[in-house]
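Okay, structure first, notes after.
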Amino acid sequence: MFPFWPRNRMKTCYDLWRSLVRTLISELKEHLGRQVSVCGWVHRIRELGKISFVLLRDRSGLIQLVLDGKADFPVESVISAAGTVSENEKAPGGLEIHVAEIELMARAALDLPVPVNQDPDKLSLDAILEHRIISLRNPKILSIFRLQSNILKFFATHMRSEGFTEIKTSKLIGTETEGGTGLFSVDYFDSRVYLAQSPQFYKQAMISSGLERVFEIGHAYRAEKHETPRHLNEYVSLDVEMAFIHSEQDLMDLEVRILKTIFKGLAEENREELEIWNASVPGIDLVDQIPRMTHDRAREIISIEGGRKVYEINPEGERLLCDWALREHGIEAVFVYSFPRKKRPFYTYPLDQRSTMSFDCLFRGLEITTGGRRINEYSMLMDSIARFSLSHESLSDYIQIFKYGCPPHGGFAIGLERLTQKILSLANVKEASLFPRDRRRVRP
RNA sequence: GGGGGCGUGGCGAAGCAGGUUAUCGCGCCGGCCUGUCAAGCCGGAGAUCGCGGGUUCAAGUCCCGUCGCUCCCGCCA
């Protein structure tokens, strides 16, 4: 196997080195004293006259290369180096490679727009995002997405373990089902369609189809002109829908189990990333302790904590609630349920005249989840549609889900970027999106 | 939709009771150095101070507009 060099390359005296299979930097300690070949990006160069030290970076880590003479390539160039792995107390990490042969695979230009080998805390968010292609090379920045990838993995793994089927639904929708605001319209041949703000109706359709339990990991689009550290106009939604539930309490139970799996997995597999950000996930046992309170009770607590009467749960109130939960229950999270009917969509299952079987999950001061039981009974849905002054015509497809029998069900959605942001204590949710889209930014 | 703050070399900042060649750190280029650890030392390049207008003998600095960024509120994942 010669995965990195053309087969027709002319034979040279260095072909011995080139015949070496690439070794990942993280595996070098198993090759002590042996000849290896490594590939990666030049992270840092220190020249000391007749000897140079080059820090090489690959997907698995960093290693010091020791070179004779100068390094004739700039930082961020892609190289392949062959040499002998040796132990040296003077080397960072105790290991280094004494290089016999180097191949410059791709020379980097000199005008790096943002530093890759420095602490990104010293960069402005704007610089990070404007030069996203380059800033992602920064190991600390890239570590966000290593961790995020595992959030996705543990989420999906958990859902499957409970018998959920993964679905992918269309992001192009023909009608403004959830009300006119907040939808992006796009040209669709001779007509106009919209980008889905949630897979809500399709999830429910799959409940009635007989799958009973479904989840979807997909993008959601919100055409809202908000500019805050917690909003994106395109985000990844971890959507869940489950049949045969009794109330939103069943859904909170499910979310607790999901969060436990995610937190446990991250604590095991992403210790390094958490350490880089000086962050930690809540203890697994504590997730069971997340307090649950009604919307009314939440307002009371916020009023007491904030020292003044509140009627709405605003962002400051969400922070106060989580502070309270940390103090009283040891975990910065809280479930709020029984939201008023007027604060929830028409499809939310009513508990009584005033409130609904719906809930939010707040984590570290931020709403990461909204969900609830949905109306599954045809006549109740008709009443609700009338109550919200919606038209049957625009909801005809949706109504069909319930006309021929749909079991009691409900679901929720976790914002992937928000969860990532809060786990790592990132100042802005945009840092947790690879290529964030906000009101003006649609590039890179 | 409402409100606040900020735009100064590639990056991060100082300068802003108006005044002569706009300063510092990192990075970059050149030189010295065989054990560096954000290497060190010497030298150098690089900025029409976001843009437009106004006030003034004089504007990075004051005023108005504009564009951009960022934060708070509303709404939301």
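Since the structure is predicted, the reported quantities are computational estimates derived from the model, not experimental observations. In what follows, chains are A, B, ... by sequence order, proteins preceding strands, each numbered from 1.
The pair A:Arg297-A:Glu300 meets the salt-bridge criterion, since a charged nitrogen lies less than 4.0 angstrom from a carboxylate oxygen. Ion pairing between a basic and an acidic side chain is recognised when a charged N comes within 4.0 Å of a carboxylate O; A:Arg373 and A:Asp250 show no such pairing.
Annotation: B:C71 and B:G15 have their C1' atoms spaced 25 Å apart (nearest Å). For B:U70 and B:G12, the P atoms lie 12 Å apart once the distance is rounded to whole Å. For B:U21 and B:C49, the P atoms lie 14 Å apart once the distance is rounded to whole Å. Separating the P atom of B:G18 from that of B:A58 is a span of 15 Å, rounded to the nearest Å. Taking atom P on both nucleotides, B:C24 is separated from B:C42 by 14 Å, rounded to a whole Å. Distance check on atom P: B:G35 versus B:G19 gives 50 Å, rounded to whole Å. Nucleotides B:A17 and B:U61 place their C1' atoms 11 Å apart, quoted to the nearest Å. Here, B:G46 and B:G30 have their C1' atoms 15 Å apart, quoted to the whole Å.
Pairing of B:U48, defined by two Watson-Crick or G-U wobble distances under 3.5 Å, is not identified with any nucleotide. In this structure B:C16 sits in no base pair that meets the Watson-Crick or G-U test at under 3.5 Å. Nucleotide B:A59 forms no Watson-Crick or G-U wobble pair with any nucleotide shown, as no partner meets the under 3.5 Å limit on both distances. Pair check for B:C76 finds none; no Watson-Crick or G-U wobble contact set falls under 3.5 Å. Of all nucleotides present, none satisfies the Watson-Crick or G-U wobble test against B:C33 with each distance under 3.5 Å. The base-pairing partner of B:G7, taking Watson-Crick or G-U wobble contacts with both distances under 3.5 Å, is B:C67.
Nucleic acid contact for A:Pro92: base, since at least one base atom lies under 4.0 Å from a heavy atom of the residue. At a threshold of 4.0 angstrom between heavy atoms, the contacts of A:Glu130 with the nucleic acid are absent. At the heavy-atom level, A:Lys90 lies under 4.0 Å from base atoms of the strands shown. Note on A:Glu89: nothing from the nucleic acid sits closer than 4.0 angstrom, heavy atoms only. When heavy atoms are screened at a 4.0 angstrom cut-off, A:His219 is found touching no nucleic acid atom at all.
Atoms CG and CZ, on A:Asn270 and A:Phe154 in that order, are 6.5 Å from each other to the nearest 0.5 Å.
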The test is ring-ring contact (aromatic ring centres under 6.0 Å, His included); show your working for A:Tyr202 and A:Tyr398 and say whether it passes.
CA-CA 9 Å; A:Tyr202 294 118; A:Tyr398 183 64; over 10 Å; no
For A:Phe155 and A:Phe215, run ring-ring contact (aromatic ring centres under 6.0 Å, His included): C-alpha distance rounded to whole Å, both residues' side-chain angles, the deciding distance at 0.1 Å, then the answer.
CA-CA 10 Å; A:Phe155 171 72; A:Phe215 74 102; 5.6 Å; yes
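A residue-by-residue look at A:Ala91 and A:Arg44 shows that A:Ala91 has its nearest nucleotide of RNA chain B further toward the 5' end.
Using the six-membered ring where Trp is involved, A:His295 and A:Phe339 have ring planes that are tilted, between 30° and 60° apart.
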Along nucleotides 70-77 of chain B, 5' to 3', which nucleotides get a B, which get an S, and which get a -, given that the test is a protein heavy-atom distance under 4.0 Å?
SSSSBBBB
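A centroid separation of 6.0 Å or more is found between the aromatic rings of A:Phe402 and A:Tyr347. Aromatic ring centres of A:Phe435 and A:Phe145: separated by at least 6.0 Å.
The distance from atom CD1 of A:Ile128 to atom C1' of B:C69 is 13 Å, rounded to the nearest whole Å. Residue A:Glu76 contributes atom CD, which lies 17 Å from atom P of B:C11 at whole-angstrom precision. One can place CG of A:Leu62 at 19 Å from P of B:U36, the figure rounded to the nearest angstrom. Following rounding to the nearest Å, A:Lys122 (NZ) and B:A38 (C1') show an atom-to-atom distance of 9 Å. B:C26 atom C1' lies 11 Å from atom CG of A:Leu123, rounded to whole Å. As rounded to whole Å, 13 Å separates atom P of B:A13 from atom CD of A:Gln118. Going from atom CD1 of A:Ile45 over to atom P of B:G30 covers 11 Å, rounded to whole Å. As rounded to whole Å, 14 Å separates atom C1' of B:G10 from atom CG of A:Asn117.
Considering only side-chain N and O atoms, A:Ser124 lies nowhere under 4.0 angstrom from the phosphate OP1 or OP2 of B:C11. Contact check, A:Lys70 against B:G31: a side-chain N or O comes under 4.0 Å of OP1 or OP2.
Of all the heavy atoms in A:Ile207 and A:Glu212, the pair that sits closest is CD1-O, 3.0 Å. Minimum heavy-atom separation, A:Ser338 to A:Glu248: N-OE2, 4.0 Å.
In this structure, the nucleotide among B:C26, B:G68, B:G35 sitting nearest to the side chain of A:Arg440 is B:G68.
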N/O contacts under 3.5 Å, protein versus nucleotides 40-49 of chain B?
none

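Contacts between residues 286-307 of chain A and RNA chain B, counted as heavy-atom distances below 4.0 Å, involve no residue at all.
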For residues 320-327 of chain A, tabulate all N or O donor-acceptor pairs below 3.5 Å that involve a side-chain atom, not counting sequence neighbours.
| residue | atom | partner | partner atom | Å |
| --- | --- | --- | --- | --- |
| A:Arg327 | NH1 | A:Glu305 | OE1 | 3.0 |
| A:Arg327 | NH2 | A:Glu305 | OE2 | 3.0 |

Donor-acceptor contacts, no H, no angles, side chain residues 88-99 of chain A, under 3.5 Å, sequence neighbours left out:
| residue | atom | partner | partner atom | Å |
| --- | --- | --- | --- | --- |
| A:Asn88 | OD1 | A:Lys90 | N | 2.8 |
| A:Asn88 | ND2 | A:Glu96 | OE2 | 3.1 |
| A:Glu96 | OE1 | A:Gln64 | NE2 | 3.1 |
| A:Glu96 | OE2 | A:His98 | NE2 | 2.9 |
| A:His98 | NE2 | A:Ser86 | OG | 3.4 |

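Between the side chain of A:Thr294 and the backbone N or O of A:Tyr337, no donor-acceptor pair lies under 3.5 Å.
Residues meeting the side-chain contact (heavy atoms from CB on, under 4.5 Å) test with A:Arg44, sequence neighbours left out: A:Arg46, A:Leu55, A:Asn117.
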